[in-house]
Amino acid sequence: MATIVMERIGRVFISLQQIREVPRMLTEAAPSMPGTVRDTEVPLYFRERYICTGYRPLNQSWRYYFLSLFHRHNETINIWTHLLAFFVFFAKLGQVAKTVDFVNDPHSWPLLILILSSLTYSACSVTAHLLGSKSELCHYVFFFLDYVGVAQYQYGSAVGHFYYAVDEGLHRHVHGIFMQTASILSCLSCLGCCYSKYYNQSLPKRVCKVCQVVPSALAFFWDSSPVAKRLMSWSTASNDPALIYHFGQVAFFFSCTFFFIFPVLERCFPGRCDFVGHSHQVFHVLLSCCTLCQIHVYQLEYVYRRKLYSRLHRSNEAALFVQLYVVTLVVCALITAIMLRKAKQALDFKAKSKR
């Protein structure tokens, strides 16, 4: 008996030794990765306010930037917050698809647009933060793609708000223009963000923020007007299970907007938030929470308000909103293509002038 016990202890000891060797084996197997650099070692258009260190060097191989997903730099948390959010949204889609017939029920299509737009914006954000540091042209390409993701998510939110949350009074006044206006505002938001990125070095930072924030703010207030109307009825509809989630999505949105506009954390603690804790990371987390509230609340609304929204919206209206979603995507893609062409021409001119 003692012999058997000693043999098992020996096996455990050997296993522990092997486990301790795993980090060293992984380090030896991984390719050599250049370390991060300071802000003074990267061009101005890559620098973020009050972020001093943790920048990845430019003009490395694509493999380097893909593998940087697993290394420590000042974009690591930005990447992983939206990458994890993507998987959560995807799992949510699978969960919802078990009870919702997305194929045969047109009334479910606005909910599907919301979830797909959420997946798209999180995937675009991950791509931009992961690969946007390779070069100036890549920076423009991937962040313009990110702005397309943001714009189509704005439309996805609008269609959810209007289809499931609207009441009869508001619907009577805006049903002919609501989604068309939401589509136009989404395109303007994409244009404002691309314009801000392109002129980032020639315009003051505040002007760039205005170009980004104002169109998005207009889109938010227009798109969220059905939700605002619902929240005003809190006292008369306190037993409505959706109201707490509507309040949550609004609170999360205003919170994430604050951290997007004002880099308070890195400004108050310069140099201490370069890798973990700067405001854009908080913005990512809060935006993901806002999106989860939206998906959950419209899953509830889809079930409990069916009698109302099926009466308010015409039988072909859901299909029209899907078509408008595609049109919005195409227009945003054209906007980014035009801005990218301008950026490439400017970069080519800059390269020729240096020769």
Side-chain angles (χ1 to χ4, degrees), residues 80-126 149-167 178-179 182-183 186 220 223-224 226-227 230-231 237 239-253 256 284-326 328-329:
W80 277 99
T81 46
H82 272 169
L83 183 59
L84 293 175
F86 176 87
F87 289 126
V88 172
F89 300 154
F90 192 79
K92 189 68 176 176
L93 175 61
Q95 177 193 359
V96 174
K98 293 178 181 178
T99 57
V100 177
D101 185 2
F102 286 126
V103 177
N104 299 310
D105 182 12
H107 289 303
S108 70
W109 294 348
L111 178 59
L112 180 62
I113 291 175
L114 173 61
I115 299 176
L116 291 180
S117 67
S118 303
L119 288 167
T120 302
Y121 93 73
S122 55
C124 291
S125 175
V126 169
V150 171
Q152 58 86 47
Y153 169 62
Q154 287 177 349
Y155 180 90
S157 298
V159 73
H161 298 329
F162 180 64
Y163 205 90
Y164 300 117
V166 72
D167 63 14
F178 189 90
M179 287 311 304
S183 176
S186 294
F220 170 78
D223 298 346
S224 300
V227 176
R230 287 284 299 282
L231 289 175
N239 60 339
D240 187 347
L243 285 181
I244 187 66
Y245 294 102
H246 282 307
F247 178 79
Q249 67 161 311
V250 172
F252 280 126
F253 181 84
C256 74
H284 274 204
V285 173
L286 293 172
L287 180 60
S288 300
C289 292
C290 173
T291 304
L292 277 175
C293 279
Q294 287 181 334
I295 295 173
H296 187 74
V297 75
Y298 292 127
Q299 185 183 1
L300 289 175
E301 303 276 48
Y302 168 79
V303 175
Y304 294 109
R305 299 191 94 217
R306 189 177 185 91
K307 185 177 179 180
L308 176 61
Y309 67 70
S310 59
R311 177 167 53 85
L312 291 178
H313 301 292
R314 300 188 303 272
S315 58
N316 64 338
E317 208 162 61
L320 177 64
F321 294 161
V322 173
Q323 294 168 12
L324 194 55
Y325 174 61
V326 175
T328 305
L329 267 177

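Everything quoted here is computed from the prediction, not taken from an experiment. Values below: every heavy atom of this structure, side chains too, minus hydrogens, waters and symmetry copies.
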Locate the shortest heavy-atom distance separating [X] from [Y]; write the atom from each residue and the value.
X    : Y    : value
V126 : L83  : CG2-N, 3.4 Å
G156 : I113 : CA-CG2, 3.9 Å
G248 : C293 : C-SG, 4.1 Å
L231 : L243 : CD2-O, 3.9 Å
F90  : L119 : N-CD2, 3.5 Å
L286 : C256 : CB-CB, 3.5 Å

Mind running side-chain contact (heavy atoms from CB on, under 4.5 Å) on I244 and V297 for me, showing each step along the way?
CA-CA 9 Å; I244 187 66; V297 75; over 6 Å; no
Would you check if [X] and [Y] make a side-chain contact, meaning some heavy-atom pair closer than 4.5 Å?
X    : Y    : answer
F178 : P226 : yes
D167 : L312 : no
F321 : Y155 : yes

Look up atom [atom1] in [X] and atom [atom2] in [Y], then write down how far apart they are to the nearest 0.5 Å.
X    : Y    : atom1 : atom2 : result
Q152 : S183 : CD    : OG    : 12.0 Å
T99  : Y302 : OG1   : OH    : 8.0 Å
M179 : L320 : CE    : CG    : 9.0 Å
Y164 : Q299 : OH    : CD    : 10.5 Å
L292 : F252 : CG    : CZ    : 9.0 Å
H284 : C289 : NE2   : SG    : 13.0 Å

Might you work through the side-chain contact (heavy atoms from CB on, under 4.5 Å) test for D105 and R306, ending with a clear yes or no?
CA-CA 12 Å; D105 182 12; R306 189 177 185 91; 3.0 Å; yes
Aromatic ring proximity, centroids under 6.0 angstrom, F162 and H313:
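Ring-ring flag for H313/F162: true, centres closer than 6.0 Å.
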With distance as the sole test, does [X] use its side chain to make a donor-acceptor pair with the main-chain N or O of [Y] at under 3.5 Å?
X    : Y    : result
Y309 : H107 : no
S118 : L114 : yes
S108 : D101 : yes
T328 : L324 : yes

side-chain contact (heavy atoms from CB on, under 4.5 Å) with L111: which of V96, L116, V159?
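Answer after filtering V96, L116, V159: V96.
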Scan H161, R230, H296 and name whichever one has a side chain to side chain donor-acceptor pair (under 3.5 Å) with E301.
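With E301 as partner, side chain to side chain donor-acceptor pair (under 3.5 Å) holds for just one option, R230.
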Tell me whether F102 at atom CZ has more than 12 heavy atoms from other residues, nucleotides or ligands lying less than 6.0 Å away.
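Yes - once you tally the heavy atoms of other residues, nucleotides and ligands closer than 6.0 Å, there are more than 12.
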Would you say the side chains of S117 and Y325 form a donor-acceptor pair under 3.5 Å?
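Distance-only check fails for S117 and Y325.
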Hey, which of F87, F89, Y153, Y121 is the one that makes ring-ring contact (aromatic ring centres under 6.0 Å, His included) with H82?
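Of the listed options, the one satisfying the test is Y121.
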